[in-house]
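To keep things clear, I will list the structure first and then write my remarks on it.
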Amino acid sequence: MRWSQAFIPTLREAPADAESASHILLLRAGYVRQLSAGVYSYLLLGQRALLKIMAIVREEMDRIGQEFYLPALHPAELWQASGRWETMGDNLFRLKDRFQRDLCLGMTHEENMAAIAAGELRSYKQLPQIWYQIQTKFRDEPRPRGGLLRVRQFIMKDSYSFDLDEAGLDASYQKHHDAYRRIFDRCGLSYVTVEAHSGQMGGSRSQEFMVISPAGEDWIANCRGCGYAANLEKAEAAPAKPEEEERDAERESFPTPGQRTIEEVSRFTGLPASRLIKSLLYMAPVKDEQGVVNWEPRLLVVRGDDEVNETKLLGLWPNARPAHPVEIEQYTGAPAGSVGPVDLMDKSVKVYADRTLSGRKNLVAGANREGYHLRGLTPGRDFQPEWVDARQVRAGDGCKHCGQPLEVQPTIEIGHIFKLGRKYSQGLNVRVLDEHGKEAVPIMGSYGIGMERILTAAIEQNHDEQGFWLPPAIAPFQAVVSVVNTGESEMRQAGERIYEELRRLGVDALLDDRNERPGVKFKDADLIGIPWRITVGKKIASGEVELSERGKQVLKAPAETLPVGKAAAELAHRLPAGPPRG
RNA sequence: CGGGGCGUAGCGCAGCCUGGUAGCGCACCUGCCUUGGGCGCAGGUGGUCGCCGGUUCAAAUCCGGCCGCCCCGACCA
């Protein structure tokens with residue numbers, strides 16, 4: 001394509017609304033324009049990059065499954081069948097048609113796929129099935145952010161597997177795992193896979209594919225020693241033991257007037273936060289035999305310098321919530337700052353403690369009396385908790401497998417695979433006969449990849465002050481031919497010739513034939529994500545042009561000088577093999 | 001939804017506190033000039049100051065309401 005005819009609206013300055021590198025650069029490079037919060041238009045370059053990403057995804061997915069294309073517009077009944085019409089809440093875009101029928105825009109397609117399966121699958125002989133699509137998803141995010149990172153409309157590859165049994169699911173899951181690796185490898189991303197929380201989908205196992213980036217919003221813990229990696233929502237670790245010696249001590253109450261937070265009590269007592277016990281009262285809904293819901297008070301205690309991991313907590317106590325101040329006083333006998341696991345006013349309050357407190361001695365906690373704390377506490381002696389894992393892993397904690405210190409890093413989630421179970425196949429009535437003629441409900445898996453996130457992550461991973469460079473496999477053009485001065489026919493003709501040769505060789509090239517000053521062309525070329533550049537300039541006098549790789553500029557690698565006639569072939573030779581385009 | 005910020009020309013911003021003429025840089029148009037890192041000179045085009053209402057002789061500016069966007073949090077397959 002000729003730049004003089006292409007619509008590539010580059011911006012010299014960063015738009016004020018953009019914060020993250022990828023957001024700023026997508027706008028500056030003319031890839032996208034924002035229509036409203038979390039809704040973007042993809043222009044020439046953005047669309048080309050996404051098409052290349054989708055082509056890779058499609059190729060790899062076709063090796064393990066079959067491509068469908070399902071509706072984005074769903075009747076309410078479909079989501080009511082799985083119960084998600086109610087449980088999805090405000091994240092589901094809902095609308096009514098002219099007859100006042102309820103509809104919604106699909107955020108995923110478990111129900112839709114299961115409905116197809118329910119209508120068509122009859123025999124175990126038809127299994128396994130892997131069905132996928134590349135389709136627009138809608139989610140009414142509470143807060144879209146980070147450019148294309150979290151949006152309300154985006155393109156997702158989602159696939160669904162149907163198997164007769166667990167063993168079959170394992171195989172389908174593994175196929176996806178392998179396909180995802182090939183996809184992300186081909187896209188040129190550097191990523192990690194982590195154990196993930198299954199969330200409200202209620203599956204047995206799930207893994208996320210993450211790209212480490214400061215723009216990311218998912219935190220993971222990973223170990224350099226053994227490779228253990230997990231989403232922080234799920235990560236476990238052995239925290240470093242406090243160094244000072246701990247001995248048995250007499251339990252006693254002491255006044256701590258006005259000292260409420262861990263920090264205040266720590267300063268007041270001169271003890272490190274690790275010697276304190278943080279006590280949090282929660283209310284957990286529990287159903288009795290009649291199905292009546294009772295809210296039960298539960299006290300959770302963790303080490304003073306630890307934080308409670310909300311996801312783990314909700315895993316232990318579904319739908320639990322923090323107690324209100326009134327409830328705290330009612331059950332413990334003290335306001336929030338003086339609560340502790342010993343001498344609770346309401347003796348029926350159950351106490352749960354994070355395992356890190358096991359074996360500790362001589363600790364300090366609230367006395368359940370305003371303005372007082374207890375010291376000399378030994379868990380197991382002074383109170384008998386149920387031991388749980390509820391703490392948030394921190395950087396520096398010991399890996400639970402090898403003991404090495406863990407790193408905690410922000411990441412962008414680019415893919416997620418997980419074993420779903422039978423929730424949707426059951427709800428949507430998917431049934432086949434097994435080899436004994438018995439009715440069986442197939443077990444499902446669900447697997448997603450965010451197309452825009454691949455692009456976003458690639459930019460986050462490959463950028464500098466001047467712009468970014470995409471891996472050749474997903475760049476909108478693999479090379480730009482910059483003609484320094486189109487007013488000089490020798491340069492112009494050499495540029496044309498190289499451009500034609502590149503096209504013939506299957507290299508996707510952009511010819512910068514604009515009547516602009518060289519500075520403008522170089523700045524633009526550096527900005528828009530094209531990995532290779534051939535510069536046709538004054539060296540043309542001796543029949544030469546220059547070849548440079550964008551990412552290498554940070555290393556100040558000088559451009560190579562090549563004869564005009566060899567430049568195109570040399571570049572084609574260096575690009576990774578891929579489907580020819582042009 | 002809680003906290004913070006912003007909304008003035010296509011983009012980036014000043015003006016607002018202390019009411020009266022809407023301004024700067026870039027971009028854009030015309031001409032000349034220039035061609036290895038967003039070149040120079042000259043002349044131009046372009047704005048219901050987010051919207052509605054109030055105060056006032058007079059509102060971008062003061063007051064009230066609303067809308068939109070961004071950031072932090074909550075939330076999140």
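Residue numbers begin at 1 in each chain, while the letters A, B, ... track the order of the sequences. Everything quoted here is computed from the prediction, not taken from an experiment.
Closest to the side chain of Glu546(A), from the set G36(B), C71(B), C69(B), is G36(B). Distance from the side chain of Ala16(A) is smallest for G12(B) among the nucleotides G38(B), G12(B), C70(B).
In the region residues 488-496 of chain A, proximity to RNA chain B at under 4.0 angstrom, judged on heavy atoms, holds for none of the residues.
Pairs passing the salt bridge (charged side-chain N to carboxylate O under 4.0 Å, His left out) check and including a residue from residues 2-25 of chain A, sequence neighbours excluded, read Arg2(A)-Glu496(A), Arg2(A)-Asp513(A). Sorted by first and then second residue, the pairs that involve residues 168-179 of chain A and meet salt bridge (charged side-chain N to carboxylate O under 4.0 Å, His left out), not counting sequence neighbours, are Asp170(A)-Lys419(A).
Applying the ring-ring contact (aromatic ring centres under 6.0 Å, His included) criterion to Phe522(A), with sequence neighbours excluded, gives no partner residue. Partners of Thr261(A) under the side-chain hydrogen bond (donor to acceptor under 3.5 Å, both in side chains) rule, at least two apart in sequence or in another chain, do not exist in this structure. A search for ring-ring contact (aromatic ring centres under 6.0 Å, His included) contacts involving Phe162(A) returns Trp131(A), not counting sequence neighbours. Shown here are the side chain to side chain contact (heavy atoms under 4.5 Å, CB included) partners of Ala171(A), two or more places apart in sequence or in another chain: there are none. Taking Phe468(A) as the reference, Tyr31(A) meet the ring-ring contact (aromatic ring centres under 6.0 Å, His included) condition, with sequence neighbours excluded. Tyr447(A) is linked by a ring-ring contact (aromatic ring centres under 6.0 Å, His included) to His176(A), counting only residues two or more places apart in sequence or in another chain.
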With 3.5 Å as the limit, what N/O pairs link the protein to nucleotides 43-52 of chain B?
none

In 5'-to-3' order, the base (B), backbone-only (S) or no-contact (-) status of each nucleotide in nucleotides 22-27 of chain B, using a 4.0 angstrom heavy-atom cut-off, is ---BSS
Result block: side-chain N/O donor-acceptor pairs under 3.5 angstrom for residues 135-148 of chain A, not counting sequence neighbours:
{"unit_1": "Gln135(A)", "atom_1": "NE2", "unit_2": "Leu70(A)", "atom_2": "O", "d": "2.6"}
{"unit_1": "Gln135(A)", "atom_1": "NE2", "unit_2": "Pro71(A)", "atom_2": "O", "d": "3.4"}
{"unit_1": "Lys137(A)", "atom_1": "NZ", "unit_2": "His109(A)", "atom_2": "ND1", "d": "3.1"}
{"unit_1": "Lys137(A)", "atom_1": "NZ", "unit_2": "Asp158(A)", "atom_2": "OD1", "d": "3.0"}
{"unit_1": "Lys137(A)", "atom_1": "NZ", "unit_2": "Asp158(A)", "atom_2": "OD2", "d": "3.1"}
{"unit_1": "Arg139(A)", "atom_1": "NE", "unit_2": "Met107(A)", "atom_2": "O", "d": "3.4"}
{"unit_1": "Arg139(A)", "atom_1": "NH2", "unit_2": "Met107(A)", "atom_2": "O", "d": "3.1"}
{"unit_1": "Glu141(A)", "atom_1": "OE1", "unit_2": "Arg150(A)", "atom_2": "NH1", "d": "3.0"}
{"unit_1": "Glu141(A)", "atom_1": "OE2", "unit_2": "Arg150(A)", "atom_2": "NH1", "d": "3.1"}
{"unit_1": "Arg145(A)", "atom_1": "NE", "unit_2": "Glu217(A)", "atom_2": "OE1", "d": "3.3"}

